[in-house]
Structure formats: C-alpha cells, structure tokens
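Below, each value reflects all heavy atoms present in this structure, side chains not excepted, and no hydrogens, waters or symmetry copies. Everything numeric in this text was worked out from a predicted model, so none of it was measured. All residue numbers in this chain count up from 1 along the given sequence.
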Amino acid sequence: MHGRALSSLLPRFLLTFALLVTGLAGVVATAGTARADGCYTWSRTLSQGASGADVTQLQIRVAGYPGYAGVLAIDGSYGPATVAAVKRFQTAYGLGADGVAGPATFSKIYALQDDDCTPIHFSYAELNDCNSTWAGGAVTAATAKSNALRTMWKLEALRHALGDEPLRVTSGFRSHACNDAVGGASSSRHLYGDAADLGAGPHTLCRLAQQARNHGFNGILGPGYPGHGDHTHLDHRDTRYWSASSCGI
C-alpha cells in the first residue's frame, strides 16, 4: 500500500520539479534580457536584406568597423557594407564572423553599453564640457547629442583596436559661445557634436590619427596640420579630409 502511494505521488513530484526548473529558467532568461533594457534590446536576428529601426541601432554600434577609409551609412538598411562591418566587429571580439547579427553579437553589444546607450568607456559628459543641454551649436540639441553618441561608438572601436587602453578626450561638443571662447573655426565640426579631440596618452597623437583611418572618421587632423600639434581631431564631415603630415597622413 505504501509503495503504491509513493508511486502515485512520483509523477506529481516530477511535474512540480519540472515546473520549478522551467520557472527558474524563465527568471534567468528575463534577467539576461534585462541587462539591455535600460538602452535597447533587439528582438530578432538581423541579416542582409533586413531594414528598420533595429538595423539603425545596430549600425550605430558597428559604425566603427567600416574598414580602411570607409564610412558606414546609418540608414536602417542591412546591405553589404553593414554585413562587412558586422563581420569586422565579430572578428574583433572573437565571435563567429558570419555577418549575421544574432544573440552572440547582441550579447557582446549589451556588454559594451551602458543604460543610456553610450559605450562603457565613454560618456556624454566626456563629449560635452561646454554645457549640459547640448544647445547653442550649429544643429539642434537632440541632433548634437545623437551625433556625439555615434562618435563615442567609433571611439570605442578605436580604443579596442589599440589594445583597450584609455583614450583621452580633450574636447567634444561646443556651442557657438564655447567655440568662440577657445578660438575654434567658425565652421568647426565641434558645433555639430560629431567631433572629438584626443590628447596623447598611452598612444601618440600620430598613432591615434593613423588608426582612426580604419574607424569611420571622414575628418582626421593631427600633428603637422596648423593648430593641431597637441591633439588629434576626429569628425564625421560629409567628405574625407585627412591631414596630419607629421604622421604621414
């Protein structure tokens, strides 16, 4: 009788245990996803031919991997250039380089970003010591801040390529007033929020300028260019202009 009672309870116990394990798995999965919830979470695998806001978000984060002299368009269309950039990102972080953005790629991006979508090694404050509103430049405050975010992801790629040693940002966004105060050019890209000046640190100014050619910067000015003997300037101007004659650029 006791044996039959025990055997009748066993299926119920196994069912309860299975439900408990499933529930725990759900908690773990939810916790894993929540890591990205403060910023952005991708809900589908992306590959060539995809389009939409989720592609745009991916492009912002891999824009630092366009290849030498390349610039990745942030257009929400997953074309060959995006495939190539994703492959370079995957290779840079030891992932399978198939050009498809799936769970492994997104997990790496989640690990690299803070809840405000900035990469972990850079911050909005670092790219703006002018004011806290991003206002007063050549574009709207929202555009200037958005441009700065794109700059930071390119800087993150540059930093990683240089051995993950710190990069020292000496100037980012400037309002017209801030730009005038430091004697900046009237058409300075700093007014658009898409420029960053880097000072020497673990790397020389020339090393920074040379490596930046691989990370999506159309504007590179450094030693040898007038007024740039103490910093390397990077920006997103529409057409390429590189000048750092002391660095062979």
### Message
Quick one, D75 with V55, criterion side-chain contact (heavy atoms from CB on, under 4.5 Å). Give me CA distance, side-chain angles, the key distance, then yes/no.
### Response
CA-CA 8 Å; D75 58 6; V55 176; 5.8 Å; no
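- Not one N or O on the side chain of R213 forms a donor-acceptor pair closer than 3.5 Å with the backbone of A69.
- Looking only at side-chain heavy atoms (C-beta outward), T151 and L234 stay at 4.5 Å or farther from each other.
- Remark: S188 OG to D197 CG distance equals 8.0 Å, nearest 0.5 Å.
- Grouping the Ile, Leu, Val, Met, Phe, Trp and Tyr side chains by contacts below 4.5 angstrom, directly or via other members, places Y68 apart from Y241.
- Residue pairs meeting the ring pair (Phe, Tyr, Trp, His ring centres under 6.0 Å) criterion with at least one partner in residues 153-176, sequence neighbours excluded, are Y93-H160, W134-F173.
- For the pair R174/V182, a side-chain contact is recorded, criterion being any heavy-atom separation below 4.5 Å from C-beta on.
- In summary, the side chains of T118 and D116 do present a donor paired with an acceptor at a separation below 3.5 Å, with no hydrogens or angles considered.
- How far NZ of K145 is from CZ of R150: 14.5 Å, rounded to the nearest 0.5 Å.
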### Task
Let me see the working for N218 and T239 under side-chain contact (heavy atoms from CB on, under 4.5 Å), right down to the final yes or no.
CA-CA 6 Å; N218 259 340; T239 57; 5.6 Å; no
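- Nearest approach of P223 to L205, heavy atoms of both residues: CG-CB, 3.7 Å.
- Legend: ring pair (Phe, Tyr, Trp, His ring centres under 6.0 Å) pairs involving residues 185-214, not counting sequence neighbours, sorted by first then second residue: H190-H233.
- Here the closest heavy-atom approach between residue A195 and residue D235 is recorded as CB-CB, 3.8 Å.
- Summarising the geometry of T45 relative to P103, their closest heavy-atom pair is OG1-CD, 4.1 Å, with the distance given to 0.1 Å.
- The structure places CZ of R61 at 4.5 Å from CD of Q113, a figure rounded to the nearest 0.5 Å.
- Using a 3.5 Å distance cut-off with no hydrogens or angles, the side chains of T140 and T143 do pair a donor with an acceptor.
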### Task
For the pair K154 and H236, evaluate side-chain contact (heavy atoms from CB on, under 4.5 Å) and give the outcome as yes or no after the intermediate values.
CA-CA 10 Å; K154 293 184 179 185; H236 304 162; 3.5 Å; yes
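- Residues in residues 176-236 take part in these disulfide bond (SG atoms under 2.5 Å apart) pairs, two or more places apart or across chains: C130-C178, C206-C247.
- Between D54 and L46 the shortest side-chain heavy-atom distance falls below 4.5 Å.
- The backbone N or O of N131 sits less than 3.5 Å from a side-chain atom of N128, completing a donor-acceptor pair.
- The aromatic rings of Y225 and H228 stand perpendicular to each other, their planes meeting at an angle above 60°, with 30° marking the opposite boundary.
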### Task
May I have the step-by-step check of side-chain contact (heavy atoms from CB on, under 4.5 Å) for R207 and T204, ending in yes or no?
CA-CA 5 Å; R207 184 74 183 98; T204 66; 3.4 Å; yes
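- Not a single ring pair (Phe, Tyr, Trp, His ring centres under 6.0 Å) links F122 to another residue, sequence neighbours left out.
- Two residues are said to be in side-chain contact when any heavy atoms from C-beta on lie closer than 4.5 Å; D194 and V139 fail this criterion.
- For the pair S175 and D180, the minimum side-chain heavy-atom distance is 4.5 Å or more.
- Taking 4.5 Å as the limit, every side-chain heavy atom of Y124 sits out of range of all side-chain heavy atoms of E126.
- Rounding to the nearest 0.5 Å places CG of L221 at 9.0 Å from OG1 of T232.
- Every residue meeting the ring pair (Phe, Tyr, Trp, His ring centres under 6.0 Å) condition with W42, not counting sequence neighbours, appears here in chain and number order: Y40, F106, Y110.
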Expected list for residues 79-90: side-chain donor-acceptor pairs under 3.5 angstrom, two or more places apart:
residue, atom, partner, partner atom, Å
T82, OG1, Q59, NE2, 3.0
R88, NH1, Y65, O, 3.2
R88, NH1, P66, O, 3.1
Q90, OE1, D98, N, 3.1
Q90, OE1, G99, N, 3.0
Q90, NE2, D98, OD1, 3.3
Q90, NE2, V100, O, 2.9
Q90, NE2, T105, OG1, 3.0

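- The closest side-chain heavy-atom distance from L191 to R189 is not below 4.5 Å.
- Atom CD of Q211 sits about 10.0 Å away from atom CD1 of I220, to the nearest 0.5 Å.
- Atom CE in M152 sits 11.0 Å away from atom CD1 in I60 (nearest 0.5 Å).
- The two atoms that bring A196 and L155 nearest to each other are CB-CD1, 4.1 Å, heavy atoms only.
- Here the closest heavy-atom approach between residue V71 and residue G216 is recorded as CG2-O, 3.9 Å.
- In this structure, the side chains of L149 and L127 stay at 4.5 Å or more apart for every pair of heavy atoms.
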